[in-house]
2 protein chains.
Amino acid sequence: MKSKCFYCFLFLIFLGLQDCCEGRLLLASPKPDRDNAAGYARWLVSQSSWGILSTISMEFGGSPFGNVVSFSDGVVDKSTGIPYFYLTTLDPTARNALKDHRSSLTISEYPLGTCGNADPENPVCAKITLTGKLVLLDANSKETKFAQTALFTKHPEMKGWPKSHNFRIFKLKIENIFMINWFGGPKPLTVAQYLKYKI
Amino acid sequence: MKSKCFYCFLFLIFLGLQDCCEGRLLLASPKPDRDNAAGYARWLVSQSSWGILSTISMEFGGSPFGNVVSFSDGVVDKSTGIPYFYLTTLDPTARNALKDHRSSLTISEYPLGTCGNADPENPVCAKITLTGKLVLLDANSKETKFAQTALFTKHPEMKGWPKSHNFRIFKLKIENIFMINWFGGPKPLTVAQYLKYKI
């Protein structure tokens, strides 16, 4: 009977990881060493399925406006580090971006469940902010085709979202990376180092 | 032996809720009806322990800069709906806010584990953005004392954070509420309705 409880334990851990925190992990992979800044940043982005996308609000006097969004940076065997989004102009984020491209995507390691007992604001629980320009992709480009596959693979229900809402694919053209994954302030990391890292 | 597995099941669900998604829930409470906009918004804020605080970046040409922060809106028997933060000017968010108060706090229901199988961007998985002014509190005020208790109760490790980092208490003076918790766009909800709601 011990073994039954053991399998029950394993199954529930599996359920917990799959359904509770991050339902759409493609391939869970162990986190890199904290000193490997590019590797850690790419791991955090590829393992996460959602974050907060901030734009400059047209409606609220130029205030920064954060919004919960899903994203994907690639498919199972090809992570690019570039976040792609499936947005509708029924939502303020896409409307804001079309008027002012300045934007940032922020992701916490906390919902991945890999921070142990650390508080979400504790620097050992990693956080990353990718700052840049949020741009609409040309609907007929090769990149759009790739991005759509990346999004629909990680977020299968997007395929069924209402056509009438006119969802379009946007990407964040990253210009700066702010990542904290330990004590001592943000890790030095250039966009080139981040993008060229192979995972 | 069935009952052993049952208790194992309950214990692991408990562990999952406590450690995986949201380690510092004070009193987990069921979510209100989705048509109760004020109740739902206050529930989401009081049940969450972290979010993304966006400010206008001094460093990156006025871009919106989202940052992962912990917060608290009260103590076990007194939720106020007002988010309080424990921030240091070693971090860009506090520095930005001292130059330009415009800010927003964004919270997703997703990490609470109460969205079922819905994607984080699906409107049935609630999201809230509180837009307003991020202000530093007077260190000697009554409100600061209350806010510190609220923060240290929900985030016990904050008590031990380095004195040398000069953490100070900030609050978001809410001016607008954007909440989606179902289809049909943001729920109409004034700041007065939100603040006066008793939970």
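Labels below follow one simple rule: chain letters A, B, ... track the order of the sequence lines, proteins then strands, and each chain is numbered from 1.
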Problem set entry | Close side-chain approach of B:Thr106 to A:Thr106, heavy-atom, < 4.5 Å | no

For this session: Determine yes or no for a side-chain-to-main-chain donor-acceptor pair under 3.5 angstrom, with A:Ser54 supplying the side chain and B:Phe65 the backbone.
Result: no

Problem set entry | Same cluster (ILVMFWY, side-chain, under 4.5 Å), A:Ile199 and A:Ile174 | no

For this session: Answer with yes or no whether the hydrophobic clustering places A:Phe60 together with A:Leu134; edges join I, L, V, M, F, W, Y residues whose side-chain heavy atoms lie under 4.5 Å apart.
Result: no

Exercise. At a heavy-atom separation under 4.5 Å, does A:Ile180 approach chain B through its side chain, its backbone, both, or neither?
Worked result: side chain

For this session: Scan for disulfide bond (SG atoms under 2.5 Å apart) pairs involving residues 56-90 of chain A, sequence neighbours excluded, and state none if there are none.
Result: none

For this session: Examine B:Phe71 and B:Leu44 and state if one hydrophobic cluster contains both, with Ile, Leu, Val, Met, Phe, Trp and Tyr joined whenever side-chain heavy atoms are less than 4.5 Å apart.
Result: yes

Problem set entry | Validation row: A:Phe178, B:Pro92 side chains within 4.5 angstrom (heavy atoms) | yes

Exercise. Tell me, do B:Trp161 and A:Asp119 make a side-chain contact under 4.5 Å, heavy atoms counted?
Worked result: yes

Exercise. Can you check whether B:Gly66's main-chain N or O pairs, donor with acceptor, with A:Thr129's side chain at less than 3.5 Å?
Worked result: yes

Exercise. Based on non-hydrogen pairs under 4.5 Å, which of A:Gly185, A:Ser104, A:Ser108, A:Ser70 is most in contact with chain B?
Worked result: A:Ser70

Problem set entry | Sub-4.5 Å side-chain heavy-atom contact between A:Trp50 and B:Lys127 | no

Exercise. For the side chain of A:Arg102 and the backbone of B:Gly61, is there at least one donor-acceptor N/O pair under 3.5 Å apart?
Worked result: yes

Problem set entry | Nearest heavy atoms of A:Glu121 and B:Tyr86, plus distance in Å | OE2-O, 2.7 Å

Problem set entry | Spatial distance of atom CD1 (A:Ile52) from atom CG (B:Leu53) [nearest 0.5 Å] | 11.5 Å

Seminar exercise, completed: If one checks every heavy atom of A:Thr131 against chain B at 4.5 Å, the contacting part turns out to be side chain

Exercise. If we only count heavy atoms from C-beta on, is the A:Ile56 to B:Ile56 side-chain gap below 4.5 Å?
Worked result: yes

Seminar exercise, completed: Residues A:Glu157 and B:Asn122: closest non-hydrogen pair is OE2-ND2, 2.7 Å

Exercise. Do A:Val135 and A:Tyr84 share a hydrophobic cluster (ILVMFWY, side-chain heavy atoms under 4.5 Å, transitive)?
Worked result: no

Problem set entry | hydrophobic_cluster_shared for A:Leu172 and A:Val75, side chain cutoff 4.5 Å | yes

Exercise. Under a 4.5 Å heavy-atom cut-off, does chain B meet the side chain of A:Asn67, its backbone, both or neither?
Worked result: both

